[in-house]
Trainee: 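Have a look at this one before I ask anything.
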Amino acid sequence: MPVDSALPPGWDVYVAATPAGQPPAAPRLPLAFEPFLYLQPAHQALQRQPGPVLAFFLEDAAAGRTVAQFYVVPDAQGPGLARSPGQASFGGVQLAAGLPVAALHPLLAEAEATLRRYGQRRLEVRGYAFCYDPAGAATLAEALRQRGYEVVLAEENYHLDTQRDYEAHLHRSERHYLRKCQRAGFVLEQEPPLLLPLAYDFLAACRRERGRSLSLPLARVQELFNSFPRQHLLLSVREPSGDWAGVVIAIVASQRVLYDFYLATPLRLNKLSPAVMLRAGLHDFARTNGLAVVDLGISTLHGREPHVSLLNFKRHLGGLAGLKLTWQKPL
């Protein structure tokens, strides 16, 4: 079905391209919303894209605000698959509250036309989980559907609602583990960033025990902590001896979301499952700081197959299921 991509009077789409090695462009007009951390130019600059970054901003001149933004990285090497995002957990169009579906069509039409001029053949959009902005995610999904995008990947994403009591919504088995940790004298600690190298080594060792690895090197994680100290949290569970029973790195990804980024516990403590206590700490931190959601993320194996046991564990933590969608469209 054809869609109307005409701009309302007084509206404009501002397009900016920055070469590789330079920070992506910022909007000309102030944003009408608080941008997700991953969609801030300063954060994207740390992602070090191999090619240019295209930025598209929908502007309401009368209001003097940018009401939607969309960052895309063209594929400079071939076969011409442009992506949003280039490296981060998600991209997509972030938009102001209440913006209608029809308003996104001029922005998306301009993005598609620009990418064709860059020789791109397809566009992939990996959206943010619906828990980040349920209304915005639904608006984006409908706009993409109307423009002929197809969902190529639909993933279950789990989150904790900080308005719900954590322990009360635990499955009885996980509540049992939490109480075992408490009786064993385990304590939660917010660790200083100077311990990050030791924490990284601990996380990596625990992951290796389970046949997994960390996606970022230590230098990259340190760079993120240094650049965004208020958005990165290092939390641990310590045994009475002072040894770590578990460590988690979490990220304040938006005004409402705390993201459970890296979490690991040693195999020797499987019978105590200190991961349950770590998630209690994330829930308490988020609730105390006015955040609505603890994003537990997706759970996949190699090839993006569902990690069934980990999904069940997140359900037992009281996690609420939501969607994280990836779309593609030929250009």
Trainee: Taking side-chain hydrogen bond (donor to acceptor under 3.5 Å, both in side chains) as the test, write out the residues that go with R145, two or more places apart.
Mentor: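 If we apply the side-chain hydrogen bond (donor to acceptor under 3.5 Å, both in side chains) test to R145, skipping adjacent residues, the hits are E142.
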
Trainee: Can you name the closest pair of heavy atoms from A245 and F202 and give their distance?
Mentor: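 Closest heavy-atom pair between A245 and F202: C-CZ, 4.2 Å.
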
Trainee: For residues L269 and W244: do they belong to one hydrophobic cluster (side chain heavy atoms under 4.5 Å, members Ile, Leu, Val, Met, Phe, Trp, Tyr)?
Mentor: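 Hydrophobic grouping puts L269 apart from W244.
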
Trainee: Going only through I, L, V, M, F, W and Y residues with side-chain contacts under 4.5 Å, is there a path from L29 to L107?
Mentor: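 Unlinked, L29 and L107 end up in two clusters.
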
Trainee: Taking a hydrophobic cluster as the set of Ile, Leu, Val, Met, Phe, Trp and Tyr residues connected by side-chain heavy atoms closer than 4.5 Å, whether directly or through intermediates, do L198 and L224 fall within one such cluster?
Mentor: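 L198 clusters together with L224.
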
Trainee: What is the minimum heavy-atom distance between L115 and A82, and which atoms define it?
Mentor: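 Looks like CD2-CB, 3.8 Å.
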
Trainee: More than 12 non-hydrogen atoms from neighbouring residues, nucleotides or ligands closer than 6.0 Å to CD on Q182, yes or no?
Mentor: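 Counting neighbours around CD of Q182, more than 12 heavy atoms of other residues, nucleotides or ligands fall under 6.0 Å, so yes.
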
Trainee: What distance do L282 atom CG and Y166 atom OH have between them, rounded to the nearest 0.5 Å?
Mentor: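 Here the rounded value is 8.5 Å.
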
Trainee: Could you check whether any side-chain heavy atom of R83 comes within less than 4.5 Å of a side-chain heavy atom of V72, counting everything from C-beta outward?
Mentor: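 The answer is no, as the side chains (C-beta and beyond) never meet within the 4.5 Å cut-off.
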
Trainee: Other than F33, what residues sit in its cluster of Ile, Leu, Val, Met, Phe, Trp and Tyr side chains whose heavy atoms are under 4.5 Å apart, directly or through others?
Mentor: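 Once heavy-atom contacts under 4.5 Å are chained together, F33 belongs with L31.
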
Trainee: Are V237 and C181 close enough that some pair of their side-chain heavy atoms sits under 4.5 Å apart?
Mentor: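 Side chain of V237 against side chain of C181, heavy atoms only: no contact under 4.5 Å found.
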
Trainee: Tell me, do Q94 and P35 make a side-chain contact under 4.5 Å, heavy atoms counted?
Mentor: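 Yes, side chains in contact.
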
Trainee: Within the distance-only criterion (no hydrogens, no angle test), does the side chain of S84 pair as donor or acceptor with the backbone N or O of G92 below 3.5 angstrom?
Mentor: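 Yes, the answer is positive, given that a donor and an acceptor are paired below the 3.5 Å cut-off.
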
Trainee: Could you walk me through whether L123 and Y149 satisfy the side-chain contact (heavy atoms from CB on, under 4.5 Å) test, starting with their C-alpha distance in whole Å, then the side-chain angles of each, then the deciding distance to 0.1 Å, before giving a yes or no?
Mentor: CA-CA 9 Å; L123 172 58; Y149 288 75; 3.3 Å; yes

Trainee: Side chains of L140 and D133: closer than 4.5 Å at any heavy-atom pair?
Mentor: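 L140 vs D133: side chains apart.
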
Trainee: Would a single hydrophobic cluster contain both L153 and V93, if residues Ile, Leu, Val, Met, Phe, Trp and Tyr are joined by side-chain heavy-atom contacts under 4.5 Å?
Mentor: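 No; L153 is not reachable from V93 via cluster members.
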
Trainee: Looking at residues at least two apart in the chain, or sitting in another chain, which of them share a ring pair (Phe, Tyr, Trp, His ring centres under 6.0 Å) with H105?
Mentor: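 Here no residue qualifies.
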
Trainee: Within a reach of under 6.0 Å around CZ of R121, are more than 12 heavy atoms found that belong to other residues, nucleotides or ligands?
Mentor: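 Counting neighbours around CZ of R121, 12 or fewer heavy atoms of other residues, nucleotides or ligands fall under 6.0 Å, so no.
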
Trainee: May I ask you to list the residues sharing a hydrophobic cluster with L81, side-chain cutoff 4.5 Å, ordered by chain and number?
Mentor: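 Result for L81 is none, singleton.
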
Trainee: Kindly determine whether E167 and R179 satisfy salt bridge (Lys or Arg N to Asp or Glu O under 4.0 Å), including the steps that lead there.
Mentor: CA-CA 10 Å; E167 186 170 347; R179 289 173 181 170; 3.0 Å; yes

Trainee: Only counting residues at least two apart or in another chain, list the ones meeting salt bridge (charged side-chain N to carboxylate O under 4.0 Å, His left out) with R183.
Mentor: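 By the salt bridge (charged side-chain N to carboxylate O under 4.0 Å, His left out) rule, R183 matches no residue at all.
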
Trainee: So, H43 side chain and L39 main chain: donor-acceptor pair closer than 3.5 Å or not?
Mentor: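 Such a contact is absent between H43 side chain and L39 backbone.
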
Trainee: Under 3.5 Å, is there a donor-acceptor pair linking the side chains of E110 and T114?
Mentor: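 The criterion, which ignores hydrogens and geometry beyond distance, is satisfied for T114 and E110.
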
Trainee: Does the K324 side chain pair with the main chain of F90, one donor and one acceptor, at a distance under 3.5 Å?
Mentor: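 Checked: no pair found.
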
Trainee: Is the side chain of H283 donor-acceptor paired with the backbone N or O of R164 at a distance under 3.5 Å, no angle test?
Mentor: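 A pair under 3.5 Å: yes.
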
Trainee: Sequence neighbours left out, cut at 3.5 Å: what donor-acceptor pairs do the side chains of residues 308-323 make with other protein atoms?
Mentor:
from, atom 1, to, atom 2, distance (Å)
S309, OG, H307, ND1, 3.2
N312, OD1, R315, NH1, 2.4
N312, ND2, V308, O, 3.4
K314, NZ, L296, O, 2.7
K314, NZ, G297, O, 3.2
K314, NZ, I298, O, 3.0
K314, NZ, S299, OG, 2.7
R315, NE, Y158, OH, 2.7
R315, NH2, E156, OE1, 3.4
R315, NH2, Y158, OH, 3.3
H316, ND1, E174, OE2, 3.4

Trainee: Taking Y262 for its side chain and S215 for its backbone only, find out whether a donor-acceptor pair lies under 3.5 Å.
Mentor: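 Yes; judged by distance alone, with no hydrogens or angles, the pair exists.
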
Trainee: Looking only at non-hydrogen atoms, find the nearest pair between P330 and R122 and report the distance.
Mentor: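 Distance-wise, the nearest heavy atoms are CG-NH1, 3.4 Å.
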
Trainee: Is the shortest heavy-atom distance from the side chain of S213 to the side chain of R207 under 4.5 Å?
Mentor: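 Side-chain contact under 4.5 Å: no.
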
Trainee: I would like to know whether I251 and L37 meet side-chain contact (heavy atoms from CB on, under 4.5 Å); could you show each step before the answer?
Mentor: CA-CA 9 Å; I251 302 170; L37 178 64; 3.5 Å; yes

Trainee: Could you tell me which non-hydrogen atom of L160 sits nearest to which non-hydrogen atom of R279, and how far apart they are?
Mentor: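 Looks like CD1-O, 4.4 Å.
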
Trainee: Using the salt bridge (charged side-chain N to carboxylate O under 4.0 Å, His left out) criterion, which residues pair with R147? Sequence neighbours excluded.
Mentor: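 Scan of R147 (salt bridge (charged side-chain N to carboxylate O under 4.0 Å, His left out), adjacent residues dropped) gives E112.
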
Trainee: Do you know the tightest heavy-atom contact between F130 and A141?
Mentor: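 So the two residues come closest at CZ-CB, 4.4 Å.
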
Trainee: I'd like to know if the side chain of E124 reaches the main chain of W327, judged simply by a donor and an acceptor atom lying under 3.5 Å from each other, with no hydrogens or angles considered.
Mentor: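 No; zero donor-acceptor contacts below 3.5 Å.
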
Trainee: Using distance alone, with no hydrogens and no angle criterion, decide if D295 and Y132 have a side-chain donor and acceptor under 3.5 Å apart.
Mentor: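 D295 vs Y132: donor-acceptor pair found between side chains.
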
Trainee: With hydrophobic residues grouped by side-chain heavy-atom distances under 4.5 Å, do L263 and V247 end up in a single group?
Mentor: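 Each belongs to a different hydrophobic cluster.
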
Trainee: Does E189 have any salt bridge (charged side-chain N to carboxylate O under 4.0 Å, His left out) partners at least two apart in sequence or in another chain, and if so, which?
Mentor: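 Checked E189 against salt bridge (charged side-chain N to carboxylate O under 4.0 Å, His left out); zero matches.
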
Trainee: Checking Q190 now: which residues fulfil side chain to side chain contact (heavy atoms under 4.5 Å, CB included) with it, not counting sequence neighbours?
Mentor: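 So Q190 forms a side chain to side chain contact (heavy atoms under 4.5 Å, CB included) with L233, L235, F285.
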
Trainee: Does the pair I249 and V221 meet the rule for a side-chain contact (heavy atoms from CB on, under 4.5 Å), with working shown?
Mentor: CA-CA 10 Å; I249 294 174; V221 178; 4.1 Å; yes

Trainee: If you round to the nearest 0.5 Å, how far is CG of D201 from CG of L214?
Mentor: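 These two atoms lie 9.5 Å from each other.
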
Trainee: Using side chain to side chain contact (heavy atoms under 4.5 Å, CB included) as the criterion, list what pairs up with S241, not counting sequence neighbours.
Mentor: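 Per chain and number, S241 pairs via side chain to side chain contact (heavy atoms under 4.5 Å, CB included) with E239, D243.
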
Trainee: For D161, what residues pass the salt bridge (charged side-chain N to carboxylate O under 4.0 Å, His left out) criterion, not counting sequence neighbours?
Mentor: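 Applying salt bridge (charged side-chain N to carboxylate O under 4.0 Å, His left out) to D161 gives none.
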
Trainee: Does any part of the side chain of L258, heavy atoms only, come nearer than 4.5 Å to the side chain of D260, both counted from C-beta?
Mentor: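 The answer is no, as the side chains (C-beta and beyond) never meet within the 4.5 Å cut-off.
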
Trainee: Test salt bridge (Lys or Arg N to Asp or Glu O under 4.0 Å) on R65 and E59 and set out the steps.
Mentor: CA-CA 6 Å; R65 290 288 185 270; E59 299 176 338; over 6 Å; no

Trainee: Could you tell me which non-hydrogen atom of A25 sits nearest to which non-hydrogen atom of T18, and how far apart they are?
Mentor: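 The pair with the smallest heavy-atom distance is N-CG2, 3.7 Å.
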
Trainee: Going by distance alone, is a donor N or O of one side chain under 3.5 Å from an acceptor N or O of the other, for S89 and Y128?
Mentor: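 Judged by distance alone, the side chains do not pair up.
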
Trainee: Side chains of T326 and R126: do they bring a donor and an acceptor to under 3.5 Å?
Mentor: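 Their side chains do contain a donor-acceptor pair, which is all the 3.5 Å distance test asks for.
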
Trainee: Quick one: does any side-chain atom of R256 pair with a main-chain N or O of G290 as donor and acceptor, under 3.5 Å?
Mentor: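 No, the answer is negative, given that no donor and acceptor are paired below the 3.5 Å cut-off.
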
Trainee: Who else is in Y71's hydrophobic cluster (ILVMFWY, side-chain heavy atoms under 4.5 Å, direct or via others)?
Mentor: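 Hydrophobic cluster check, Y71: joined to Y14, V53, F57, V73.
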
Trainee: With side-chain contact (heavy atoms from CB on, under 4.5 Å) as the test, would you mind laying out the steps for T66 and R28 before giving the verdict?
Mentor: CA-CA 8 Å; T66 296; R28 295 185 298 189; 5.9 Å; no

Trainee: Strictly distance-based, threshold 3.5 Å: is any side-chain N or O of T162 a donor or acceptor partner for the main-chain N or O of R287?
Mentor: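 It does not hold such a pair.
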
